[in-house]
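Structure, as structure tokens:
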Amino acid sequence: MKPHNIALLPAAGVGSRFGANIPKQYARLLNKPVLQHTIDLFAANPRISQIAVVVSPNDDWFDDCITLPPQAAVYRVGGNSRAESIANGLAYLLRHKIIGETDTVLVHDAARCCLPQTALNRLLDALEQDHENRGAILAIPVADTLKRQTPNAPHIAHTVSREYLWQAQTPQAFQAALLHRALQQTDLAQITDDASAIELLGIQPILVEGDSRNIKLTRPDDARLAAYFLQNPDN
Ligand code: CTP
Ligand code: MG
């Protein structure tokens, strides 16, 4: 049987750098919460069978702000870090047999609400060809010149070659059992994305061309750009 594609959306952060008076996933862009945009973009793709949203156990906003489509559900098992929220959510889904071990889990930041369908479909296409089960992530080849600074001051020590360097985005997608095993074996405090945990098992996930519009809402300025991208979809 063909594995199902499950979107796992970590949405348990506080959004401290964004500086709003509510967590950024509930901030409104074009009169709709960021998290709602993200849920809806996965709901609009027929290749995604389930959407699992992970929020904090103390979340006070979700019920008032978010409308879940039929294929989505919320799990109040968020942790103290992104990695913990994902590990908790995935463990819950597997333990309660809400998803199967061979299903594919696409982890995607709730705060990346502008992911174009074209980029999501490129990732799904790559996963269909991934017969070795390496998993795959969206990423962008580095465009700018990179400088490493000297240890004690912001002076240029040297230029770092950008050859073979990519910036990781999400979704990052892996077989559920593999990601679960990888996260169980990792010091969650040491990793900043999901692929890192897989790499520590000696597996080399596939890099799939992402999209420069797939920004993560991080600082206040990002809101205007995200609203622009949402208003001007080209797919
Ligand atoms: N996230 C999560 N659980 C946490 C921390 C983060 O589920 N304990 C989620 C966020 O809600 C977000 C994604 O992981 O969708 C990416 O994290 P980030 O952009 O760092 O969001 P925050 O941690 O909320 O923001 P900040 O770091 O500025 O506080
Ligand atoms: Mg954070």
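Note that the structure is a prediction, hence the values are computed from the model and not measured. Read the numbers this way: they start at 1 and go in the same order the structure lists the ligands and their atoms. The first residue in the sequence is number 1, and the count goes up from there.
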Quiz prompt | Reference residue D109; test side chain to side chain donor-acceptor pair (under 3.5 Å); the match among K216, R82, Q25 | solution = R82
Self-check item: Electrostatic pair R47:E128 at N-O distance under 4.0 angstrom
Solution: yes
Quiz item: Is there any N or O on R17 that sits under 3.5 Å from an N or O of ligand 1?
Solution: yes
Quiz prompt | Test of proximity, F18 against ligand 1: N or O pairs below 3.5 Å | solution = no
Any side-chain donor near an acceptor of the partner, [X] and [Y], under 3.5 Å:
X: Q36; Y: D40; answer: yes
X: S196; Y: D193; answer: yes
X: N45; Y: N121; answer: yes
X: Y26; Y: D59; answer: yes
X: H108; Y: T170; answer: yes

Just need the protein heavy atom nearest to [atom], so name the residue and atom and give the distance.
atom: atom 23 (O) of ligand 1; result: G13 CA, 4.2 Å
atom: atom 13 (C) of ligand 1; result: D109 OD1, 3.4 Å
atom: atom 8 (N) of ligand 1; result: G79 O, 2.9 Å
atom: atom 12 (C) of ligand 1; result: P10 O, 3.8 Å
atom: atom 22 (P) of ligand 1; result: G15 N, 3.7 Å
atom: atom 21 (O) of ligand 1; result: K24 NZ, 3.2 Å
atom: atom 14 (O) of ligand 1; result: R82 CG, 3.5 Å

Exercise. Kindly give the heavy-atom pair with the smallest separation between F174 and A195, and that separation in Å.
Key: CZ-CA, 3.7 Å
Quiz item: For A173 and T104, which heavy atoms make the closest approach, and how far apart are they?
Solution: CB-CG2, 4.1 Å
What part of [X] sits under 4.0 Å from ligand 1 if we count only heavy atoms: the side chain, the backbone, both or neither?
X: E84; result: neither
X: A11; result: backbone
X: A12; result: both
X: R112; result: neither

Quiz item: Quick one: salt bridge (charged side-chain N to carboxylate O under 4.0 Å, His left out) partners of R76, sequence neighbours excluded?
Solution: D63
Quiz item: Any side-chain heavy atom of V54 within less than 4.5 Å of one from L9?
Solution: no
Quiz item: Contact between V14 and ligand 1, counting heavy atoms under 4.0 Å?
Solution: yes
Exercise. Examine ligand 1 and decide if any of its atoms is less than 4.0 Å from a heavy atom belonging to N80.
Key: yes
Quiz item: Atoms of ligand 1 less than 4.0 Å from S85 heavy atoms?
Solution: 2 (C), 3 (N), 4 (C), 7 (O), 8 (N)
Self-check item: Per-atom contacts of ligand 1 with A111, taking only distances under 4.0 Å to non-hydrogen atoms
Solution: 15 (O)
